[in-house]
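Take a look at the structure below.
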Amino acid sequence: KRRIAMMTSGGDSQGMNGATRAVVRMAIDRGCEVYCIKEGYEGLVKGGDQIQKFEWPDVRGWLSANGTLIGTARCMAFYERPGRLTAAKNMVLNGIDALIICGGDGSLTGADKFRSEWPSLLEELVATKQLTAEQTEPFKHLNIVGLVGSIDNDMSGTDATIGCFSALTRICELVDCIESTALSHSRAFVVEVMGRHCGWLALMAGVACGADFVFIPEKPRAGNWREEMCKIHRKVGKRQTIVIVAEGAHDQEGNKISPDMIKDLLADKNGLALDTRITTLGHVQRGGKACAFDRYLATLQGVEAVNAVLDATPETPTPFIAITENKITRKPLVQAVLDTKEVTKAIESRDFDRAMSLRDTE
Ligand code: ATP
């Protein structure tokens with residue numbers, strides 16, 4: 001029987017439990033044994049009871065459960081070869097030769113590195129007498145499949161990551177709440193949303209909430225945007241103002257657009273003098289139940305991840321599971337990670353046309 005392991009790694013996102021549930025049940029349905037690794041790579045390096053066999057009922061009710069019930073962590077040890085060596089040993093000791101990882105681009109980069117080092121890790125385990133050649137013999141090839149779990153929707157090559165639509169839904173609900181008080185008191189609110197180098201959450205929330213102004217990392221405001229922003233608020237009868245700022249937003253010179261700075265502009269006594277408040281949404285964006293789309297996405301992609309493991313040959317490049325124009329697809333993981341890093345590089349070097357064109361071609 002094939003033994004497949006599932007883990008969640010990096011920052012949590014809604015829908016990770018749905019992915020775990022789908023992997024567990026599909027693996028069992030396809031005649032495999034399935035294991036869950038607790039606390040991401042931390043659990044793989046620790047081994048022991050951090051690696052647990054799962055059965056069909058163990059994931060009952062997980063589609064609507066919040067967070068990730070198998071835990072997630074950032075693991076320093078896995079960045080270094082000795083940590084990965086111990087992880088490889090634990091895989092072999094548990095008879096596992098396939099790993100499905102739901103995480104962000106960091107987790108998936110680590111996974112691909114693990115796979116490319118795998119033969120040399122096994123050799124070292126034998127050479128250092130931590131395992132025998134007989135023990136490592138059946139584990140010549142490691143299969144890795146990535147599922148992208150992230151609220152940021154920052155991975156190239158997929159239209160949506162598991163969690164991004166739940167986070168967007170949460171932001172919309174919260175902005176609706178903020179709007180009530182903004183309207184009652186004739187106030188302006190500057191709302192900061194997550195997304196790191198990616199403006200997807202801010203931009204989509206801006207559209208979905210009808211915000212007055214949005215700041216995103218990929219396309220800093222050009223020209224006299226300060227005046228432009230303040231003009232909007234002079235419209236007759238306007239009682240509420242919502243400005244959404246992505247946490248990674250900056251101006252064309254690379255200076256951070258901070259909510260404080262926007263507040264000062266809107267509240268300026270010599271200008272609009274709006275009664276302005278700041279709301280930083282923070283971790284509530286990752287919280288709560290997954291929306292219907294994320295449950296569906298996690299389920300279909302979890303199923304496809306198991307199929308990808310079972311179809312893999314030693315020559316198959318490490319895939320990740322994407323959704324492209326509503327179709328669940330397998331794509332090469334390394335290319336997607338490189339493309340994702342390319343966008344970040346373009347933003348950091350202030351080549352915004354390139355950043356936008358890379359996002360557009362995704
Ligand atoms: P998020 O999008 O929420 O940040 P992420 O998966 O990108 O999720 P990271 O903190 O970058 O989060 O990575 C999670 C873990 O993956 C790290 O703590 C580390 O254990 C492993 N990892 C990340 N990058 C590498 C790498 N280059 N080599 C080895 N392991 C890595």
Side-chain angles (χ1 to χ4, degrees), residues 5-17 19-20 37-47 50-51 67-68 70-88 90-91 99-118 120-121 142 144-158 160-168 193-201 217 246-248 282-287 290 294 298 301 305 318 320-322 333-345 347:
M6 167 74 188
M7 75 157 74
T8 52
S9 172
D12 63 329
S13 68
Q14 299 97 331
M16 281 183 162
N17 287 321
T20 303
I37 297 168
K38 305 290 178 77
E39 320 300 342
Y41 291 115
E42 213 48 69
L44 195 57
V45 174
K46 279 197 189 136
Q50 296 300 95
I51 303 177
T68 166
I70 56 173
T72 182
R74 312 222 186 241
C75 171
M76 288 306 132
F78 201 78
Y79 281 104
E80 310 296 335
R81 185 168 164 105
R84 296 194 291 275
L85 189 71
T86 313
N90 286 328
M91 295 267 293
L99 198 52
I100 297 174
I101 294 155
C102 183
D105 59 336
S107 302
L108 302 181
T109 305
D112 189 65
K113 189 182 269 180
F114 192 43
R115 180 187 162 170
S116 59
E117 278 182 350
W118 183 254
S120 77
L121 290 171
L142 172 66
I144 299 268
V145 177
L147 290 168
V148 197
S150 167
I151 65 162
D152 301 339
N153 202 11
D154 56 352
M155 186 80 161
S156 294
T158 185
T161 55
I162 296 169
C164 73
F165 276 102
S166 301
L168 177 61
V193 305
M194 285 182 165
R196 289 189 302 184
H197 297 292
C198 187
W200 187 86
L201 279 175
E247 63 180 348
H283 285 81
V284 291
Q285 293 163 90
R286 298 179 177 280
D294 277 327
Q301 291 195 332
T318 306
F320 81 103
I321 311 300
L333 174 62
V334 178
Q335 192 55 49
V337 169
L338 289 175
D339 291 348
T340 305
K341 288 194 169 49
E342 207 51 43
V343 184
T344 308
K345 257 195 257 165
I347 293 171

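Computed from a prediction, not measured in an experiment: that's the story for all the values here. Just follow the structure's listing: the first ligand is 1, and inside any ligand the first atom is 1.
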query: What do the steps show when you test Met155 against Leu108 for side chain to side chain contact (heavy atoms under 4.5 Å, CB included), and what is the final call?
result: CA-CA 11 Å; Met155 186 80 161; Leu108 302 181; 4.0 Å; yes

- request: For side chain to side chain contact (heavy atoms under 4.5 Å, CB included), just list the numbers for Val337 and Asp112, CA-CA rounded to whole Å, side-chain angles, deciding distance to a tenth of an Å, and then say yes or no.
  value: CA-CA 10 Å; Val337 169; Asp112 189 65; over 6 Å; no

message: Please determine whether side chain to side chain contact (heavy atoms under 4.5 Å, CB included) holds for the pair Glu39 and Lys46, giving the CA-CA distance in whole Å, both sets of side-chain angles, and the decisive distance to 0.1 Å.
response: CA-CA 10 Å; Glu39 320 300 342; Lys46 279 197 189 136; over 6 Å; no

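In this structure, Asp152 contributes its side chain and Leu201 its backbone to no donor-acceptor pair below 3.5 Å.
Nearest protein neighbour of atom 23 (C) of ligand 1, counting heavy atoms only, is Gly106 O, 3.0 Å. Summary of contacts: the protein heavy atom closest to atom 17 (C) of ligand 1 is Tyr79 OH, 3.6 Å.
In this model, a donor atom of one side chain and an acceptor atom of the other lie less than 3.5 Å apart for Ser120 and Arg81. Between the side chains of Asp105 and Thr340, no donor N or O sits under 3.5 Å from an acceptor N or O.
One distance of note links CG of Asp12 with OG1 of Thr72; it measures 7.0 Å at 0.5 Å rounding. In this structure, Leu333 CG and Thr109 OG1 are separated by 7.0 Å, a value rounded to the nearest 0.5 Å. Taking CD1 from Ile162 and CD from Gln14, the interatomic distance works out to 11.5 Å, rounded to the nearest 0.5 Å.
The closest heavy-atom contact to atom 19 (C) of ligand 1, among the options Cys75, Ser9, Ser13, comes from Cys75.
Only side-chain heavy atoms of Arg196 come within less than 4.0 Å of ligand 1; its backbone N, CA, C and O stay farther off. Of the heavy atoms in Tyr41, only side-chain atoms (C-beta onward) come closer than 4.0 Å to ligand 1. With a 4.0 Å heavy-atom cut-off, ligand 1 is reached by the side chain of Thr109 but not by its N, CA, C or O.
Within the listing of ligand 1, atoms 27 (N), 28 (N) sit less than 4.0 angstrom from a heavy atom of Lys113.
At a 3.5 angstrom cut-off on N or O pairs, Gly11 counts as close to ligand 1. At a 3.5 angstrom cut-off on N or O pairs, Ala73 does not count as close to ligand 1. In terms of polar-atom proximity, defined here as any N/O pair under 3.5 Å, Ser107 does make such a contact with ligand 1. Annotation: Gly104 places an N or O atom under 3.5 Å from an N or O atom of ligand 1; distance criterion only. For ligand 1, one of its N or O atoms has an N or O atom of Arg74 under 3.5 Å away. Between Ser150 and ligand 1, not a single N/O pair is under 3.5 Å apart.
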